[in-house]
Every structure is written in structure tokens, then in C-alpha cells.
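Below is one structure, written out as C-alpha cells; comments come after it.
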Amino acid sequence: MDLLDGLNPAQKSAVQVTSGPLLILAGAGSGKTKTLTHRIAYLISKKSVSPDEILAVTFTNKAAKEMQSRVNDLLGVNTSIRNFMPWMGTFHSVCVKLLRIDGDKMGIPRNFVIYDEDDRTSLIKQAIKQLSFNDKEIKPKSVSHVISSSKNSMVGVEEFSAVAASPQQKKIAKIYNKYEELKKASSALDFDDLLIETVRLLRDSKETRSRWRGHFKHILIDEYQDTNSAQYNIVKLLVGEDRNICVVGDDWQSIYSWRGADFTNILNFERDFKGAHIIKLEQNYRSTSAILEAASNVIAKNKQRTDKKLWTSSATGAPVQVHELSDDLEESSLVSDRISSHVALGARKFGDFAVLYRTNAQSYTLERAFLRMRIPYQIVGGVRFYDRKEIKDIVAYLKLIYQPNDSVSFNRIVNTPTRGIGNISLEKFLTWQVNSGMNIVDALCKADSIPDINLKARQSLKKLGVMAKSLYSKQDSTPPSEIINQIIELTNYKDYINDGTPQFEERIGNLEALMSDAQNYVNLSDFLEEISLMSSVDSFKDGEQVTLMTLHASKGLEFPVVFIVGLEEGILPHARVFDSSPSELEEERRLMYVGMTRAREELHITYARSRLNFGGRVYNPASRFISDMGASGASSEDSTVELIQDFDTPEYYNIESFDVGDRIKSNIFGAGEIVDVDGLAVTVKFDNGKSKKLNTEYARLEKI
DNA sequence: TCATTTAACGTTTTT
DNA sequence: CGTTAAATGA
């Protein structure tokens with residue numbers, strides 16, 4: 001098979017220029033992934049580059065997997081031959097691999113654990129407590145944010161402390177320092193550490209640097225516009241003398257500056273790598289010209305951008321439809337009505353549709369409408385699978401088994417399920433453990449010899465330790481799924497979560513899903529790495545269901561029909577950018593652009609005059625992006641954008657009135673009886689004995 | 001001293 | 001609405 005077949009001239013040269021630095025400026029839908037996969041296959045089969053010598057960095061793990069299988073298809077190679085594989089993954093996952101191999105040179109133990117956002121905030125809380133600062137004045141979340149952004153711009157503790165001027169900043173510097181100490185004691189690295197420790201490793205260890213530089217003959221970076229300072233440094237450190245570096249990106253689609261991404265990295269590529277080839281991919285193969293034109297009109301309003309002319313040879317297609325609704329409920333009805341009628345007509349499958357929104361909270365109303373209409377859907381992101389409580393609990397056990405020093409995981413599970421260990425006993429144990437010099441698990445095993453702790457607490461601690469220790473020693477001979485099973489059995493975890501609500505079934509289901517997921521891994525290390533670095537889009541499945549996700553999560557995907565909802569000032573663009581720099585407004589506009597260019601055939605935009613936001617009703621004007629699209633009044637004459645006012649259902653939702661004594665049913669809590677009514681609030685005594693005060697406006701209660 | 005009940009608070013986007 | 005921190009009872 002000729003690897004250049006089916007490529008346009010620009011794509012062909014992007015494949016064939018195989019030596020020296022190369023910058024590919026790829027517009028939305030211009031066949032970027034195709035070009036990259038062909039390039040990799042070309043390097044392997046035509047230039048005899050060994051797959052192992054190729055490093056390809058993608059933005060998500062899913063993109064990496066997809067790229068892997070497409071390369072395999074092109075080469076006709078069996079996917080199961082694991083050694084015959086380029087290095088593919090996100091910056092984070094590649095860094096984990098490098099650090100597991102060479103991290104010991106920087107004093108990082110081979111079995112370090114990875115702390116996520118939650119782990120980090122709870123460790124910061126501990127740090128604040130230990131420094132006895134007033135945890136009311138200093139919010140752990142905001143400290144976490146400060147630490148993360150300084151790490152992303154390569155500012156370490158020392159530097160941060162040196163620069164800290166205000167009393168507030170000095171406090172944060174102390175917390176930062178303490179946090180680093182505690183994290184080190186737990187043998188853990190947070191997300192940002194994965195990057196900056198790799199930079200340190202490559203910068204400080206000459207031997208390591210030259211070894212990896214020699215190893216990677218070709219480096220490819222996708223979504224280069226979204227690299228941050230640390231990632232940029234890694235790239236510069238890894239590029240060898242041949243300078244075979246190929247980066248792909250589109251500054252118009254840069255939507256992660258709040259995470260430290262800096263799209264000037266891509267604008268400066270020529271300066272960084274002198275003599276670089278530049279190839280522009282400007283033909284769009286994805287969208288109809290109506291969609292592309294509307295999207296181009298939106299992005300044209302941005303001042304800070306490179307000039308590009310994206311074009312397509314596809315037909316005009318249906319105009320972009322802009323729907324005005326009276327409120328968020330009608331917005332959801334419109335979306336679900338459209339979807340279900342198109343499917344009923346046989347024109348589309350559920351899997352053809354995506355609904356995109358600015359904030360995760362917006363999925364709520366949509367979800368309810370979909371449930372009502374029996375539309376199968378999947379939510380990408382939001383409350384991620386691995387963020388659920390029961391899953392995080394079990395994973396915390398796994399982490400503690402893998403890394404017996406992991407204090408955050410220990411704190412999470414020490415009394416989960418409740419085993420009679422309170423705060424006081426815990427404090428006493430921890431001070432004893434620190435003094436003993438033992439790791440947490442070893443100390444637990446000796447807990448029965450600690451004076452002045454309750455007998456009951458002492459026994460429980462020891463029992464937990466013995467369990468962790470025995471699983472620790474079995475971790476190499478026992479598959480991860482079996483370890484999970486034993487944790488659940490030994491701790492009676494199922495009894496703990498059985499609270500008699502219908503949600504119990506769902507939780508059990510989640511645990512089973514976790515176990516079956518674990519069956520794909522042979523050892524604990526791989527499994528933990530995978531779930532720590534799993535991103536929201538990684539769990540995205542193409543299938544027979546509508547996809548709901550944030551605009552951010554939609555990057556890189558495409559759908560025949562796309563709905564973008566909540567096009568209101570304050571939502572998109574988000575209210576937070578109003579009182580900050582104009583560049584943030586431009587990023588909101590790029591976000592809109594990314595969303596619009598996901599659509600292949602139909603694009604629907606909706607906005608509501610009023611919306612129920614947490615607590616009260618808000619009235620937002622239509623987003624400025626709607627007029628930016630080139631909507632010329634309410635005309636169906638315009639071939640690009642069509643404005644439609646959908647007020648077909650002027651019905652106001654009748655709030656059912658409840659009386660004391662009514663029997664009701666809640667999807668969440670099951671059946672019960674109303675014992676008190678206070679305006680919109682009702683108190684319900686549920687059949688499982690628990691009572692709850694609910695707002696009838698939100699809680700979907702049904703009379704029975 | 002622990003476990004359960006009640007009050008307060010919160011929403012931008014995420015590797 | 002959900003989660004998490006204080007407050008109360010056993």
C-alpha cells in the first residue's frame with residue numbers, strides 16, 4: 001500500500017519532509033490525525049526508523065490509542081506485538097514512564113503514586129492545619145490553584161518563596177513548602193510534578209538526557225498550541241542533534257491558557273528551531289460550507305491570531321440554526337425533541353448527535369429531558385467514573401497497598417468503612433508513626449503496642465495494617481482485579497455502602513465495572529497509572545447514544561449533528577471573563593470556534609431568555625457570538641445562519657402541590673410519606689426510616 | 001470519643 | 001441539587 005495515497009499535496013509533503021524541524025499548521029478538520037499517522041507509518045516503513053525510536057505526544061490517551069491502531073492498520077501489523085510500537089501518549093504518561101525508569105536519580109522512588117486534584121487539596125488542608133493557619137482565611141482550593149499555576153510556569157518552592165512579598169503570599173509560600181514536604185514523605189507526585197520533575201531530571205542528569213536524546217530519533221507533538229512552559233522545556237531537552245521535531249497545531253483552537261498553555265510556543269517555533277519547514281493544511285474536509293463560514297465569522301473577530309484561510313469544497317448544506325427559547329427547560333426539550341424525531345424518522349442514529357455546553361452543570365437539565373424522552377446518552381466528563389466515592393475509596397486502598405507511605409490515601413480509608421477510629425486516635429497514631437520512622441503500613445501492623453489509644457481503635461488499626469501488608473506482598477502474584485475483590489470482601493465494603501437507597505445497586509455496578517476494567521491489567525502499577533492519568537474523553541465510546549460534554553472535551557472529535565446550548569452572555573462567554581483581560585474573551589471565542597467546527601452536517605445553536613441557575617432565575621442576553629456568526633436578523637433568506645424563535649410550548653410547569661400524608665416516590669430515595677409542608681419545601685419520611693427536607697421545584701417527586 | 005444529624009456553601013474549563 | 005464542615009447525641 002502506498003502511504004501517500006489519498007493525501008492532498010500539503011499533506012503529502014508533511015509526510016515526506018522527514019528530517020529537520022517541521023511545523024504543521026493544521027486548521028480544524030484538515031486531516032491532521034490522518035497526516036500524522038501516515039507520517040509515522042512512513043518513517044517506519046520507508047525510512048527504516050525503528051518504532052521504538054519514535055515519540056508521539058498527543059493531548060489525550062484516547063488520541064494516542066487511536067493513533068496507535070491507525071498506524072497499525074497502515075502498516076498491517078498486529079497490535080498485540082507490544083515492542084513494535086512507537087512511544088505514544090500524553091506528556092503526562094510519557095513522563096511517568098521516564099520517571100519510573102530514571103526518577104531514582106532525582107530521589108524519586110520507583111513506586112511513587114500520583115496525586116490528583118482531590119488528593120492535592122486534602123494534602124494542602126493538612127499542611128494548613130500543621131502550620132496552624134486559619135483555614136477560613138486561606139482556602140485550600142485557591143492555594144492549590146496558585147501552586148499548580150506556578151509549577152506550570154516552572155516556578156518551584158524556592159523561587160516562589162523568594163518572590164513572595166505580601167503577608168498572604170508568604171503564608172502561601174509556607175504552605176507550598178509544607179505541601180512539598182508532606183508529598184515527598186508520601187512518595188507521591190502530583191500532576192504538575194510529573195512534568196517539572198522530568199524537566200529537572202533531563203536538565204540535571206547529563207547522562208539521562210543524552211541517553212534519551214540519542215534514543216528518540218523522531219519526536220512528534222500534537223496540539224502544540226496547548227503546551228505549557230514545562231512541556232515546552234521537555235521538548236527542547238529531548239530534541240537531539242538531528243532536530244527531527246515535528247509539531248502540529250492551530251492557534252485558533254488554543255483553549256487551555258488557564259492551565260498554563262501558551263500558544264506563543266507555536267508562534268515562536270520558527271525562532272526556536274531555525275530553518276524549520278512550515279506546512280499549512282487549510283482544506284477542511286469535515287464541515288459543510290455554511291458551518292465553516294459561520295465559524296470563520298466568529299473567529300475573525302479575534303485580534304490575536306495568525307492569518308489562515310480555511311476553505312472547503314463541500315456543498316453549502318443546511319444553514320446553521322439559532323434557536324431562541326424562553327428558558328432552560330424548553331431548551332432541553334427542543335434538543336431532545338429534535339433528536340428523537342430525527343431518529344424516529346430513520347434519518348439519524350443516536351450516535352450521530354452531540355450536545356456541547358460551557359459548564360458541566362448545564363448537563364443536568366439535558367439529562368432529565370433525555371431520561372424523560374428515553375434517549376440513550378453518555379456524559380463525557382462531569383462526575384467522572386473514577387471520581388465516584390466508592391471508586392475513589394477502593395483506589396485509595398490500592399494506592400496504599402502499592403505505596404505504603406501514601407498518607408492521603410491512608411487518611412481517606414482509615415475509617416472507611418467505619419471501624420471505630422476517630423480523629424483523636426488517628427492523630428495519636430500518626431505522631432507515633434512519624435517518630436517510629438516506619439512507613440504507614442508497617443506502623444499499622446505494630447499499632448497494638450501504641451500506648452494510650454483505645455483498645456478498639458488499636459485493634460482496628462492493626463487489622464487494617466495486616467490486611468494491607470498481606471496484599472502488598474501478594475501484589476505481584478495476584479491480578480489487580482483479585483486484589484480489589486479481596487479489599488471489598490475483607491472490609492465488608494458492600495455492607496458499608498448499602499444504605500437502602502436505589503443508588504446502592506448503581507454503586508455495586510460501579511465496583512463491578514472497576515473490577516472488570518482491572519482485568520485488562522496484569523499488575524497494580526500499570527492499572528494505577530492508567531486510572532490516575534485517565535482523562536474524561538478517554539472513556540468516550542462511539543456508539544448508539546447521544547454524547548453530552550463540555551466544549552473543552554469536544555476538541556478533536558466530530559459529529560454529524562452538533563447542538564451548542566446556552567449561548568448567553570455570562571455562560572458563553574462566561575461571566576468570569578468580563579472583568580478580566582480581553583485575551584480571555586478571545587479564548588472564549590476560540591472555544592466557540594472549536595465547538596462549531598465539530599459539526600459535519602448540521603449545527604444548532606440555542607439560547608434561553610431565562611435560566612434556573614443554582615438558587616434563582618437569571619435573565620441573560622443572547623451571546624455576542626451569535627451576532628458574530630453573521631446572523632443577519634431573523635431571516636431564512638440568509639443561507640448561512642437562520643434565526644428561529646421556538647416558543648411553541650408556552651405552558652408553565654405546574655408545580656404539583658403536596659399535602660401532609662401524601663405518599664410520594666423519588667427516583668433517588670425511593671418511596672416515602674410527606675410529614676411536613678413549608679411552602680415549596682416538604683419534609684419526607686422515607687420508607688427506609690430516613691427523612692429529608694426537599695425542594696419540590698428541584699426534587700422530582702411523584703405522587704403515588 | 002465516635003457516629004449521626006444538621007447547616008453552609010458552592011459552579012469554568014482539566015492532564 | 002450535591003458535597004462537606006460543624007454540632008449534637010450516644
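The sequence lines fix the lettering, A, B, ..., with proteins before strands; numbering per chain opens at 1.
When rounded to the nearest whole Å, the span between CZ of A:Arg576 and P of B:dG10 equals 12 Å. If you measure from atom CD of A:Glu367 to atom C1' of C:dG2, you get 13 Å, rounded to the nearest angstrom. The distance from atom CD1 of A:Ile147 to atom P of B:dT14 is 21 Å, rounded to the nearest whole Å. Following rounding to the nearest Å, A:Asn620 (CG) and B:dT11 (P) show an atom-to-atom distance of 19 Å. Counting to the nearest Å, the C1' atom of B:dT15 and the CZ atom of A:Phe91 are 12 Å from each other. Between A:Lys151 atom NZ and B:dT14 atom C1' there is a gap of 16 Å when expressed in whole angstrom units. One atom, CG of A:Leu99, and another, P of B:dT15, lie 19 Å apart when rounded to the nearest Å. As rounded to whole Å, 17 Å separates atom P of B:dA8 from atom NZ of A:Lys139.
Remark: A:Lys555 qualifies as a cation-pi partner of A:Phe59 under the 6.0 Å distance and 45° angle criteria applied to the six-membered ring. Relative to the ring axis of A:Phe429, A:Arg458 does not place its NZ or CZ within 45° and under 6.0 Å from the centre.
Other residues, nucleotides and ligands place no more than 12 heavy atoms under 6.0 Å from the NZ atom of A:Lys463. Enclosure of atom NZ in A:Lys236 by more than 12 non-hydrogen atoms of other residues, nucleotides or ligands within 6.0 angstrom is indicated. Under a cut-off of 6.0 angstrom, the local environment of CD in A:Gln130 is crowded, with over 12 non-hydrogen atoms contributed by other residues, nucleotides or ligands.
Closest to the side chain of A:Ile424, out of B:dT15, B:dC2, B:dT14, is B:dC2. Among the nucleotides B:dT14, B:dT15, C:dC1, the one closest to any side-chain atom of A:Tyr364 is C:dC1. Closest to the A:Asn415 side chain, of the nucleotides B:dA3, B:dT11, B:dT15, is B:dA3. For A:Lys141, the listed nucleotide lying nearest its side chain is B:dT11; candidates were B:dA3, B:dT11, C:dC1. Listed nucleotides: B:dA3, B:dT13, B:dC2. Nearest to the side chain of A:Thr418: B:dA3. Picking from B:dT13, C:dA5, B:dT1 the nucleotide with the shortest atom distance to the side chain of A:Lys125 gives C:dA5.
For the OP1/OP2 pair of B:dT13 and a distance below 4.0 Å, the side-chain nitrogens and oxygens of A:Asn360 include at least one atom meeting the criterion. The phosphate of B:dT1 (OP1 or OP2) has no side-chain N or O of A:Ser425 nearer than 4.0 angstrom.
Mapping A:Ile421 and A:His92 onto DNA chain B via the closest heavy atom, the residue that lands nearer the 5' end is A:Ile421. Between A:Val577 and A:Leu426, it is A:Leu426 whose nearest contact on DNA chain B lies nearer the 5' terminus.
Judged by centroid separation below 5.5 Å and plane tilt below 30°, A:Trp258 stacks onto the base of B:dT13.
Nucleic acid contact class of A:Glu587 (heavy atoms, under 4.0 Å, all strands): none.
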